[in-house]
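Residue numbers count from 1 along this sequence.
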Amino acid sequence: MPRMLFAGALLAVVASSGCREAFVAHSDTVARAEGAELTVARMTELLFSVPDMQVTRETVDGLARLWVDYSLLARRLAQGDSLLDSSAVVGAMWPEVQEAVADSFRALRVADLLPIDSAAVDSAYRAGELRFIAHILRRFPSGVTAAQKEQKRREADGIRQRLLSGGTWTDGNRQNEDEGAAANNGGLGVISRGQMVPRFENVAYALGPGELSEVTETQFGYHIVFRPPLEDVRVEFAAAVTRATVDQVDSVYLADLLDRRAVEVRSSAAATIREVATAPERYRTSRKVLGTFDTGRFPVADFVRWFRVLPAQMQQRINVAPSEQIDFLVRQLIQQELLLEEAESEGVQLSPQTFNLVKQRYAADLDVVKQTINVSAESLAVAGTDLEEREWLGRVRVDQYMAVALRNEGRFVIVKPFLGDRLRDGADWEVHSAGIERVLERVRALRAAAGTVIAPPPEGQSDGTIRRE
């Protein structure tokens, strides 16, 4: 039998029962979610339809979990749940809510220090540790030659001489080749030590109020550095002093919090976290302890919750990070948990205005998911008033969307992780490891049989559409 026909025959066996089998009790299952079932046959059919996709265990597991989230979401919407009640909003927007509460608690701790009065601003300017600095740059081109450097030097000298002869800073700034600073009349904002390259910093910290530097060379080009007098930059400088004051209060509070609450990280934490980072969803309910504090423990499940909101680059680096860095991360996360606990003990809550803003962002994100999958309450209403019919239509739409998204290079709309948690908590759902393995075996067999030629399903077989019998 030719390879192409053999591949088609195999696919016919896989798909012969049609997509209807995804919605009936079936032992050959990848995942199930409150009465809906994703079969090995259907998942194989979906993956085989995308020949260039690399199919791994992680891929199939991830797709199965997406399907669970979509299915549970569609079911809730079919039942008339808007998922916009306060509990849903707070649960789904957990990171944003925690940040807002922490900010409110921070404001409470520094309330007695703010606003910074004029005398404090004057004193900070005279002390000189914080400095508003502006500059004009004649930038070196890539691969700058000695002749080009000399030309840039002459240009910078000319600008400086015109400034010393009564020219305005605004006029000089028109020749500024630092685009970002030029848009702010040359201003770099308020700096502190350690923020700039050493040569530039040394010059900036040698200037008195209103003084202009000599032409200064760094690896970026030639600079003319200026320290404006306070009255010219009072608003910006006062804001920087306020931020510095708040940061100092925060730093003292957080350092004391770690000691006061006896925070300790287990010696096994780094090794455990490296393992967890490879497949965090598998450890979502793990109670293994990573660290302790005076009134409790910090388990893996809590780490997974925070792991989801870490920047992607940090998530990817955890496996290769030194143990000391991982221990530091655990300590910081425990610190954040304790901060939120103390905020709650002080009665700090979201203001109505902040809650409304959070809810608006959540509703907008949820609308994108509903419209993309086509499972909004309005779209499911075409099935009529019968709940079973609406739920069935929701399952149809989820299956259709999975097929379309896979063909579109796997670009799936994502249910917010914490909304997914809320949907799964208390629901009857499961992802089957054995089913995932069977999918991998079948897809590999089909691809091996098909070679580089992917045969379409034989006429009369499933085309990926779910039909109601």
Side-chain angles (χ1 to χ4, degrees), residues 18-26 29-43 45-47 60-85 87-89 91-93 281 359 362-408 410-432 435 462-469:
C19 297
R20 172 70 178 170
E21 70 174 344
F23 302 143
V24 298
H26 200 289
T29 303
V30 176
R32 58 182 182 80
E34 292 287 4
E37 189 174 359
L38 177 61
T39 65
V40 169
R42 179 56 175 153
M43 180 66 94
E45 182 180 11
L46 289 170
L47 292 173
V60 182
D61 182 80
L63 289 172
R65 292 179 186 278
L66 272 176
W67 177 88
V68 168
D69 284 350
Y70 295 157
S71 299
L72 294 175
L73 175 66
R75 182 172 184 269
R76 293 285 286 273
L77 295 169
Q79 293 173 341
D81 187 347
S82 69
L83 295 171
L84 291 174
D85 60 279
S87 177
V89 173
M93 300 292 281
E281 284 299 317
K359 183 176 180 178
Y362 163 70
D365 289 343
L366 183 59
D367 278 344
V368 169
V369 178
K370 292 190 296 185
Q371 299 303 327
T372 303
I373 305 174
N374 197 20
V375 292
S376 67
E378 296 78 13
S379 70
L380 297 179
V382 299
T385 59
D386 184 77
L387 175 58
E388 183 179 348
E389 293 289 326
R390 292 198 304 274
E391 290 183 352
W392 179 84
L393 180 57
R395 295 196 289 269
V396 170
R397 298 273 176 79
V398 167
D399 184 89
Q400 291 173 338
Y401 173 72
M402 292 287 290
V404 170
L406 275 168
R407 289 195 296 270
N408 190 28
R411 293 174 182 167
F412 289 88
V413 64
I414 302 298
V415 176
K416 290 180 78 70
F418 298 97
L419 174 58
D421 289 347
R422 180 176 175 82
L423 293 169
R424 290 190 296 270
D425 287 344
D428 181 19
W429 70 277
E430 191 170 4
V431 173
H432 298 282
S462 173
D463 62 358
T465 303
I466 305 172
R467 297 180 177 86
R468 189 110 191 237
E469 296 175 356

- Shortest non-hydrogen pair, Ser82 vs Leu366, comes out as O-CD2, 3.8 Å
- Which distance, rounded to the nearest 0.5 Å, do you find between the CZ of Arg395 and the CG of Leu38? 12.5 Å
- Message: Quick test of your reading of the model: are Asp81 and Arg75 salt-bridged, counting only N-O distances below 4.0 Å?
- Response: no
- First locate atom CZ of Arg42, then atom OG1 of Thr29, and finally report the distance between them rounded to the nearest 0.5 Å. 14.5 Å
- Query: Rounded to the nearest 0.5 Å, how far apart are CG of Leu72 and CZ of Arg422?
  - Reply: 12.5 Å
- Walk me through it: do Trp67 and Val30 pass the test side-chain contact (heavy atoms from CB on, under 4.5 Å)? CA-CA 10 Å; Trp67 177 88; Val30 176; over 6 Å; no
- Task: State, with a plain yes or no, whether a side-chain heavy atom of Val415 is found less than 4.5 Å away from one of Leu66.
- Result: no
- Quick one: does Asp386's side chain have a donor or acceptor within less than 3.5 Å of a partner on Glu389's backbone? yes
- Do the side chains of Ser71 and Glu34 get nearer than 4.5 Å, heavy atoms only? no
- Task: Would you mind reporting whether Val375 and Tyr70 have side-chain heavy atoms less than 4.5 Å apart?
- Result: no
- Apply side-chain contact (heavy atoms from CB on, under 4.5 Å) to the pair Ser379 and Lys370, showing each step before the final yes or no. CA-CA 9 Å; Ser379 70; Lys370 292 190 296 185; over 6 Å; no
- Message: Can you confirm whether Leu83 sits close enough to Tyr362 that some side-chain heavy atom of one is under 4.5 Å from a side-chain heavy atom of the other?
- Response: yes
- Message: Working to the nearest 0.5 angstrom, can you tell me the gap between Glu45 CD and Thr39 OG1?
- Response: 8.5 Å
- Query: Where do Leu46 and Met402 come nearest, in terms of heavy atoms and distance?
  - Reply: CD1-CB, 4.4 Å
- Query: Are Asp69 and Arg65 close enough for a salt bridge, meaning some N to O gap below 4.0 Å?
  - Reply: no
- Interatomic spacing from OG1 in Thr372 to CG in Asp367 - rounded to 0.5 Å: 10.0 Å
- Is there a side-chain contact between Leu63 and Leu406, using heavy atoms and a 4.5 Å cut-off? yes
- Can you tell me how far NZ of Lys359 sits from CG of Asp85, rounded to the nearest 0.5 angstrom? 8.0 Å
- Query: Can you name the nearest heavy-atom pair linking Arg390 to Gly384, along with the distance?
  - Reply: NH1-O, 3.3 Å
- Query: What closest approach, in Å, do Ala31 and Val68 show between heavy atoms, and which atom pair accounts for it?
  - Reply: CB-CG2, 4.0 Å
- Please name the pair of heavy atoms, one in Pro417 and one in Arg424, separated by the smallest distance, quoted to 0.1 Å. O-NH2, 4.4 Å
- Which pair of heavy atoms, one from Phe418 and one from Gly91, lies closest together, and at what distance? CB-O, 3.1 Å
- Message: If we ignore hydrogens and angles and just use 3.5 Å, is the side chain of Arg397 paired with the main-chain N or O of Asn374 as donor and acceptor?
- Response: yes
- Task: Answer yes or no: is there a side-chain heavy-atom contact under 4.5 Å between Lys416 and Met93?
- Result: yes
